[in-house]
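We count ligands from 1, going down the list as the structure has it; atoms in each ligand are counted the same way.
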Amino acid sequence: MPPFMMILLWKALTKMAVDLISIDENYKRIMFESGEAMAKYRKPDEKLDIMAVTKTVEPAAVNHAVELGLGLLGENRVQEYLSKKELYDKRAEIQFIGHLQTNKVKYIIDSVSMIQSVDSFKLAAEINKCAAKTGKIQDILIEVNIAGEESKSGVRADKLEELLYQAAELNNIRVKGLMTIPPAENPEIYLYNMQKLYIDISGKNIDNISMDFLSMGMSGDYTDAIKYGSNIIRIGRGLFGPRTYK
Ligand SMILES: *Cc1c(COP(=O)(O)O)cnc(C)c1O
C-alpha cells in the first residue's frame, strides 16, 4: 500500500475510534440522565424505550449503539434507510419516524415494526393497503403538531380525534399511541399539552385504538419529555454527535 493511502486509512480508523468513544460517553450520560428523570418523575414499574435516531450516521456507528444496548433505531428518510438497512446489525428493531410520502410506503412496510409519523388519513389508508398485501398488521403512531406550526408535519390537535376514528376502521393498521416534535424553543408547555391530550384520548377508550406509546423527547428536551409521560425518547445528536445536514 502506498504511504499516502496508509495515512488516509489511519486517519479514517482513528476518527472512527474517536467517534465510538464519544458514543460510549454519550450513551452513559443519556442512560444516567434518563434514569434519574424516570426515578424522579415516574412510577417504578413504568418503562422507557430509548431510540437511536440514525439520520446521516454511518452504519458502523449505528451498530456500535446497538452493541451498547440501543436496539431500537429511528429512520427518517426512505432512500437513506434503504441504502443502510442491509448493513445494520440484524438484532436492531427499526421504526420509521420521518415524513413519509404515500408512494414510498411500499419500500419500508416489510421491515419496520412501527411507523410513528402518520398524520393523515391518506397515509394511514396507504399503509393499510400495503400492510394487507404483505399480510401484516402495521403498528403506527399518529404524529401531532402540538404547537400548530405551519412549517411542521403532524395532525393538529383539534383534528386528532377525527383521524383516530377514521384510522380505527382500517383492519391492517393498529394505532398504538401518539408522537410529537415540539418547538425547540420553550418545549415544556407543549410537552405538557401533549401529555394532557394523550391522557384525554386514552380516557375515551376508542375501539381498535390503544394508547400504549407517547413518543416525545429528543436530545435537547428528553428529561422534560420524561417528566410529561413520554415512554419513547428519540435521540440523535446527543448520542452520535452533530449532523452534517438536518
Ligand atoms: C432528528 C430527529 C430526532 C432526533 O433529534 P436530535 O435533536 O438529533 O436528538 C428525533 N425525532 C425525529 C422525528 C427526528 O427527525
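Salt bridge status for E161 with K204: present, with a side-chain N to carboxylate O gap under 4.0 Å. In this structure, K85 does not pair ionically with E80, as no charged nitrogen and carboxylate oxygen lie closer than 4.0 Å. A salt bridge between K43 and D45 is absent, with no side-chain N of the basic residue lying under 4.0 Å from a carboxylate O of the acidic one.
Taking every non-hydrogen atom of R237 and a distance limit under 4.0 Å, the qualifying atoms of ligand 1 come out as 6 (P), 7 (O), 8 (O), 9 (O). Interface atoms of ligand 1 facing K55, defined by a heavy-atom separation under 4.0 Å, are 1 (C), 2 (C), 3 (C), 14 (C), 15 (O). Near I181, meaning under 4.0 Å from any of its heavy atoms, are these atoms of ligand 1: 13 (C). Counting the atoms of ligand 1 from 1 in the order shown, those under 4.0 Å from a heavy atom of I235 are 9 (O).
In this view, Y222 and E33 satisfy the side chain to side chain donor-acceptor pair (under 3.5 Å) rule, not counting sequence neighbours.
The shell of residues lying under 4.0 angstrom from ligand 1, judged by heavy atoms, includes R243.
Residue N76 touches ligand 1 through its side chain alone, judged by heavy-atom distances below 4.0 Å.
For the pair R234 and T180, the tightest heavy-atom approach, listed with the atom from each and the gap, is NH2-O, 3.1 Å.
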